[in-house]
2 protein chains.
Amino acid sequence: MAASRDPRPCSIADALALVGEKYSLLVLREVCLGNARFDQLVRNIGAPRDILATRLRRLVDAGILTKRAYSERPQRFEYLPTQAGLELEPVLMTLMAWGDRHLRGDDDRPMVLEHVCGNELRPVVTCAACGDRVRHDDVSAHPQAPGWTVTGPSAA
Amino acid sequence: MAASRDPRPCSIADALALVGEKYSLLVLREVCLGNARFDQLVRNIGAPRDILATRLRRLVDAGILTKRAYSERPQRFEYLPTQAGLELEPVLMTLMAWGDRHLRGDDDRPMVLEHVCGNELRPVVTCAACGDRVRHDDVSAHPQAPGWTVTGPSAA
DNA sequence: CTCCGTGGGTTGGAAAATCCAACTAACCCG
DNA sequence: CGGGTTAGTTGGATTTTCCAACCCACGGAG
């Protein structure tokens, strides 16, 4: 799935090579919600069983999920997120918020998240250093490796 | 690309149906950096020209990009992010941060972002209401529509 | 005017990935 | 024994992707 002759080293591309295939992020959605078993995943995601099987293998190999037997005799397995897998949750949250905003209405959200603080969780991306919400114009890009040309206002 | 018989209404799935196809998010990475022209995109992303053309059409149709002529005679076009497109940047940033952390080392980051505050930008997802960094265990899921079963600790 | 190069695509055919229904396998229950 | 559940695997049809080649409009050099 990687862009075979991508001349550009990029962590976004690398990440997508692992979790950018069809259904992979939906698998992660499910396991983060606690739906960990094959048939649950098939039903909830709506993926073909064979594709789901290959995705699970890949995610386990990549260290994003672990496969654990929840029953010997009969052998039955469940898939749980690793630390690396859990750390993809922010990606899912921002993606969900985007979809809620741009593809649905406020009245049509399939799911609402609640934070321990008692409020509805509206996730925002902030700068770890200053705590401010990150805006497009407040960020500049500094290439560290050859292969990058940044022409826009984000230029270093 | 949508999970054809997905029984589960979900904004993540909806969003991925638009921008989850191969190369789409890399297109967004480029246009957000200011690389707006077809040949630049081909080179920087490493996508086949025909696939890139169909992706661009789709993103324009979806209102994520706009196509603008930067020269009549000869007609030449550039692709710019709309507001909806720009709002996908947080997704790219968190994905990049994840890739930097889990697929590369601190010494091997292809690109570093800088925030106006003067510090290196490390994006974190926080709760808009209380400002705290969002942790997995601090979030609970409240389905608003039928089709959801949440079995884990995130259950409503 | 002719030839070359550039930007922005389109086209046809080969290769790969996906989809689907059916099947296996291991076990439990009545 | 027959039926049901879970977790996959298999074969073949369908759909996407990939790739190289081509096309068109133009600008500039000779």
Side-chain angles (χ1 to χ4, degrees), chain A residues 1-8 13 16-27 30-31 34-62 65-80 149 151, chain B residues 1-8 13 16-27 30-31 34-62 65-80 149 151:
Chain A
M1 149 109 205
S4 37
R5 65 225 163 305
D6 185 347
R8 203 140 161 152
L16 288 173
L18 278 186
V19 299
E21 291 170 305
K22 201 171 170 180
Y23 305 119
S24 293
L25 285 176
L26 298 182
V27 169
E30 290 301 315
V31 297
N35 299 119
R37 300 178 186 182
F38 191 84
D39 269 27
Q40 277 179 317
L41 296 174
V42 167
R43 271 191 303 276
N44 291 339
I45 297 172
R49 307 175 76 80
D50 54 344
I51 305 295
L52 184 61
T54 66
R55 290 295 181 274
L56 288 170
R57 258 191 297 274
R58 193 159 166 58
L59 291 172
V60 168
D61 287 353
L65 301 181
T66 50
K67 182 177 187 173
R68 227 195 38 173
Y70 68 86
S71 144
E72 316 286 340
R73 329 204 38 73
Q75 279 223 323
R76 294 292 143 77
F77 300 101
E78 62 186 353
Y79 296 90
L80 302 174
T149 49
T151 61
Chain B
M1 150 105 206
S4 37
R5 65 226 161 305
D6 186 348
R8 204 140 160 147
L16 287 173
L18 277 186
V19 299
E21 291 170 304
K22 201 172 170 179
Y23 305 119
S24 293
L25 284 176
L26 298 182
V27 168
E30 289 302 313
V31 298
N35 299 119
R37 301 178 185 180
F38 191 84
D39 269 26
Q40 277 180 316
L41 296 174
V42 167
R43 272 190 302 276
N44 292 339
I45 296 172
R49 309 173 75 80
D50 54 345
I51 304 293
L52 183 62
T54 66
R55 292 295 180 274
L56 288 170
R57 258 192 296 275
R58 193 158 166 59
L59 291 171
V60 168
D61 288 352
L65 301 181
T66 50
K67 182 178 187 173
R68 226 195 40 173
Y70 69 87
S71 145
E72 316 285 341
R73 330 206 36 75
Q75 279 222 322
R76 294 292 143 79
F77 301 101
E78 61 186 353
Y79 296 89
L80 303 174
T149 48
T151 61

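As the structure is a computational prediction, the values presented were derived from the model and not from experiment. The figures here come from the full heavy-atom set of this structure, side chains too, leaving out hydrogens, waters and symmetry mates. Below, chains carry the letters A, B, ... as their sequence lines are ordered, and counting in each starts from 1.
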Notebook entry, point to check: Which nucleotides of nucleotides 25-30 of chain C have their base under 4.0 Å from a protein heavy atom (B), which only their sugar-phosphate (S), and which neither (-), written as one string 5' to 3'?
Noted result: -BSS--
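The distance from atom CD of A/E21 to atom P of D/dT16 is 17 Å, rounded to the nearest whole Å. A straight line from CZ of B/R37 to C1' of C/dG7 spans 10 Å, rounded to a whole angstrom. Between B/L52 atom CG and D/dT17 atom C1' there is a gap of 13 Å when expressed in whole angstrom units. We find that OH of B/Y79 is positioned 11 Å from C1' of C/dG7, with the value rounded to whole Å. Between B/F77 atom CZ and D/dC26 atom P there is a gap of 12 Å when expressed in whole angstrom units. Rounded to an integer number of Å, the gap from B/I51 CD1 to C/dG8 C1' is 16 Å. Between B/D50 atom CG and C/dA16 atom P the separation is 16 Å, expressed in whole Å. Rounded to a whole Å, the CD atom of A/E78 is 20 Å from the P atom of D/dT5.
Side-chain atoms of B/E30 and B/Q40, non-hydrogen and from C-beta on, never get closer than 4.5 Å to each other.
No donor-acceptor distance shorter than 3.5 angstrom exists from the side chain of A/R8 to the backbone of B/G46, with no hydrogens or angles considered.
A sub-4.0 Å separation between OP1 or OP2 of D/dA7 and a side-chain N or O of A/Y70 is present. Remark: B/K22 is not in phosphate contact with C/dA17, judged by side-chain N or O atoms under 4.0 Å from OP1 or OP2. Contact annotation: A/R55 does not reach the phosphate of C/dA17 (side-chain N/O to OP1 or OP2, under 4.0 Å).
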Check: Between A/L26 and A/N44, is a side chain to side chain contact (heavy atoms under 4.5 Å, CB included) present by the stated rule, with each step listed?
Finding: CA-CA 9 Å; A/L26 298 182; A/N44 291 339; over 6 Å; no
Next item on the list: Decide side chain to side chain contact (heavy atoms under 4.5 Å, CB included) for A/E21 and A/R55; before the verdict, give the C-alpha distance in whole Å, the side-chain angles of both, and the deciding distance to 0.1 Å.
Entry: CA-CA 8 Å; A/E21 291 170 305; A/R55 290 295 181 274; 3.5 Å; yes
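Between the two ends of the helix from C/dC1-D/dG30 to C/dG30-D/dC1, each summarised by a five-pair axis, the helix axis turns through 0° (rounded to 10 degrees).
For B/R49 against C/dG8, a side-chain-to-base donor-acceptor contact under 3.5 Å is present.
Rounded to the nearest 0.5 angstrom, A/K67 NZ and A/L59 CG are separated by 12.5 Å. Annotation: the span from A/F38 atom CZ to A/R43 atom CZ amounts to 11.0 Å, rounded to 0.5 Å. Here the CZ atom belonging to A/R49 is positioned 10.5 Å from the CG atom belonging to A/L41, to the nearest 0.5 angstrom. With values rounded to the nearest 0.5 angstrom, A/Y79 atom OH is found 5.0 Å from A/L56 atom CG.
Contacts of B/D50 classified as side chain to side chain donor-acceptor pair (under 3.5 Å), with partners at least two apart in sequence or in another chain: none.
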